[in-house]
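Have a look at the structure below, then the notes.
What you are looking at is a predicted structure, and each value in this text was computed from that prediction instead of being measured.
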Amino acid sequence: ALLVASAHSPPMAAGSRRVQAGGCPTGPLLLFWAAVLTVLFCNRESGLAATAGVLQVQFSFGGESAAASGVERQTAAPSLQAYAATSAVDLPKPKMKAPAKPAAVVTAAPTSTTQALPEGAWPLSEDAEKARFLNSAPGFVHIPKTAGTAIVDGFNRGKLKVRQPHAGAGCRWHEPPGLHQRGAFVVLRGVLSRLVSEFCWVRQQEAFKTYKAEFGATEVWPYTCDMFNDWLLAALLMVRRDPYFPDCHMVPQWCYASRVDYWVPHGHKLEGNLRKLHPNLAKMSLPIENSESMGQAKGPCVRFNITAHCINSTNMELVKEYFADDFAYVEPFLHRSKSEGQEIQYFAPGSFWQLSPVVFTNFACHLQKSKTLTSDSPCAGAKAPGSSRPTCVSSMVECARLASQDEVCSSIITYHGTKDGGPGGKFPGWCTCLRLAEDYGMAKCGNGEGVTTPGASVASFQRDMASAPSRCPPRRQ
């Protein structure tokens, strides 16, 4: 049958190509024995040819076909092999492991757990956290390209009382929090939709020149899927050199979402969802910011149909690898919220509190912005300055427990001692929490706005999901 098909295959149109595994002939029907030898030869060689074809699909950017149109496209972007030949950056693995099982999404209903808690953990009461959240100003953590600019503008125009990030070095408003942000929320968006939005924004920024100069990203008019794919490959290579470039816009959403208490889905009901989230946001009004569809003049991405369908198979594998945490945790939440009409506000997943790793040693948050916590069963130690009660708390875990039960405490604590060794320093066991009104984690105490104090350690308590394996970039000192 193969021989007959080869003999009677229709002639190819001018300019078209046919890929032949192993270079097998497709000419007229050969003599019987010659044909048998040809088939045997093709069978032996096709395995090698097929393998080479797979490698080309996985590592080469050129010649991928658009998922949306099915039209074969060529691109001028450098292949991964060419880039690796002149760079110390390792090639990503062509195959990725299946993402971890998504964390369970917990709705606003009261939660309870009967399972044994890990050592050093204690129960998390969503009812208590909800009450604390509603009785204090909500915190907002800005994830780039998730309507954050419009949200902050809405806060400012409406003069709404919200805890917002403080501008600073690094990524200014977009720095991922290194410590848990109690009573804070984020807006989450689909991974691919966020990448399209990033491309539509960055094409007019100075950073795009870096992508062109360093990685061969192209710029043409009208914009094409090729141009989008060129940029996407350049961006995914750039984050291996600098994971915060540009201005934290390529940092996975999980690096922010795992540090807050509330997740809100991005979408056309965002304004209504924010109004329902907290009384302070009841009059929230969202202006349109950085939108491709503002007014009657549509932006180039809308006009030229630059969408997630443009992403070729090579880039899609790299996207799945780099944003594995977002696909494992964020996408299931968004799918569920969409299926339920985006009407319900969600708690971030998590069932218990646990202590984070120590982030600073021989350092303490500003005392005037902190509250001293005392235990019902204090240990032996000198009283802290200005305290009428004994201030020695037996362990850092107990210090964190006390903070989690206090109405004014954020999740950030200073403990005079060590996580494993107990009380220490000049005032052993002195336990303080950064007040919630002063909280924006890394921007306040965690960014170094404190005092050098021998024997003191800064840490936080966090939801158990925050300790899940992740690909977040290392915290900047």
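To the nearest 0.5 Å, atoms CZ (F199) and CZ (F228) are separated by 7.0 Å. Residue T210 holds its OG1 atom at 9.0 Å from CZ of R241, rounded to the nearest 0.5 Å. Remark: N229 CG to S313 OG distance equals 9.5 Å, nearest 0.5 Å. Here CD1 of I412 is found 10.0 Å from SG of C433. Values are rounded to the nearest 0.5 Å. Once rounded to the nearest 0.5 Å, the distance linking CD of E214 with NZ of K212 reads 13.0 Å. The line from CG of D230 to CG of N312 is 9.0 Å long, rounded to the nearest 0.5 Å.
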Please assess F133 against L277 for the test side chain to side chain contact (heavy atoms under 4.5 Å, CB included), listing each intermediate value before the final yes or no. CA-CA 10 Å; F133 174 67; L277 180 65; 4.0 Å; yes
Please lay out, stage by stage, how E198 and R194 fare under the test salt bridge (charged side-chain N to carboxylate O under 4.0 Å, His left out). CA-CA 6 Å; E198 174 65 14; R194 183 176 175 234; over 6 Å; no
Side chain to side chain donor-acceptor pair (under 3.5 Å) between R189 and Q253, worked out: CA-CA 8 Å; R189 185 175 192 172; Q253 295 176 85; over 6 Å; no
Could you please spell out the steps behind the side chain to side chain contact (heavy atoms under 4.5 Å, CB included) verdict for M227 and E219? CA-CA 6 Å; M227 178 181 168; E219 186 171 14; 3.7 Å; yes
Determine, stepwise, if the pair F208 / W201 fulfils side chain to side chain contact (heavy atoms under 4.5 Å, CB included). CA-CA 10 Å; F208 199 80; W201 171 82; over 6 Å; no
Output, in order, the C-alpha distance, side-chain angles, deciding distance and verdict of side chain to side chain contact (heavy atoms under 4.5 Å, CB included) for F333 and L188. CA-CA 9 Å; F333 160 75; L188 298 178; 3.9 Å; yes
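In this view, A234 and Y211, F215, A217 satisfy the side-chain contact (heavy atoms from CB on, under 4.5 Å) rule, not counting sequence neighbours. By the salt bridge (Lys or Arg N to Asp or Glu O under 4.0 Å) test, D261 pairs with R463, sequence neighbours left out. Shown here are the side-chain contact (heavy atoms from CB on, under 4.5 Å) partners of V319, two or more places apart in sequence or in another chain: V191, L192, L195, L232, L236, F323, F327. Residues that satisfy the side-chain contact (heavy atoms from CB on, under 4.5 Å) test with P243, not counting sequence neighbours, are P473. Applying the salt bridge (Lys or Arg N to Asp or Glu O under 4.0 Å) criterion to K209, with sequence neighbours excluded, gives E206. Partners of S404 by side-chain contact (heavy atoms from CB on, under 4.5 Å), not counting sequence neighbours, listed by chain and number: W122, R182, W353, F461.
Under the 4.5 Å side-chain criterion, counting only non-hydrogen atoms from C-beta, L160 is not in contact with N280. At least one side-chain heavy atom of L134 sits less than 4.5 Å from a side-chain heavy atom of H278. The shortest side-chain heavy-atom distance between Q181 and Y256 does not fall under the 4.5 Å cut-off. A 4.5 Å side-chain heavy-atom check between P287 and R157 finds at least one atom pair inside the cut-off. Contact annotation: the side chain of H142 approaches that of F140 to within less than 4.5 Å [non-hydrogen atoms, C-beta and beyond]. Between K283 and R275 the shortest side-chain heavy-atom distance does not fall below 4.5 Å. The shortest side-chain heavy-atom distance between V187 and L270 falls under the 4.5 Å cut-off. Counting heavy atoms from C-beta on, the side chains of E175 and Y244 come closer than 4.5 Å.
Between P265 and N273, the shortest heavy-atom contact is CG-ND2, 4.1 Å. A364 approaches T414 most closely through the heavy-atom pair CB-CG2, 3.5 Å. Taking every heavy atom of both residues into account, V202 and P246 meet most closely at CG2-CG, 4.4 Å. Nearest heavy atoms, I413 versus A403: CG2-CB, 3.7 Å. Considering all non-hydrogen atoms of both residues, I151 and T146 come closest at CD1-O, 4.4 Å. What you find for I306 and V196 is that their closest heavy atoms are O-CG1, 3.5 Å.
Judged purely by atom type and a 3.5 angstrom limit, D153 has no side-chain atom pairing as donor or acceptor with the backbone of L286. Checking side-chain atoms of S197 against main-chain N and O of K145 turns up no donor-acceptor pair under 3.5 Å. In this structure, Y322 contributes its side chain and M250 its backbone to a donor-acceptor pair below 3.5 Å. With hydrogens and angles disregarded, a donor-acceptor distance shorter than 3.5 Å links the side chain of S410 to the backbone of L434. For the pair N315 (side chain) and I311 (backbone), a donor-acceptor distance under 3.5 Å is absent.
Using bins of under 30°, 30° to 60° and over 60° for the plane-to-plane angle, the ring pair W254/W263 lands in the perpendicular bin. Note on ring orientation: taking the six-membered ring where Trp is involved, the planes of F347 and Y262 are tilted (angle from 30° to 60°).
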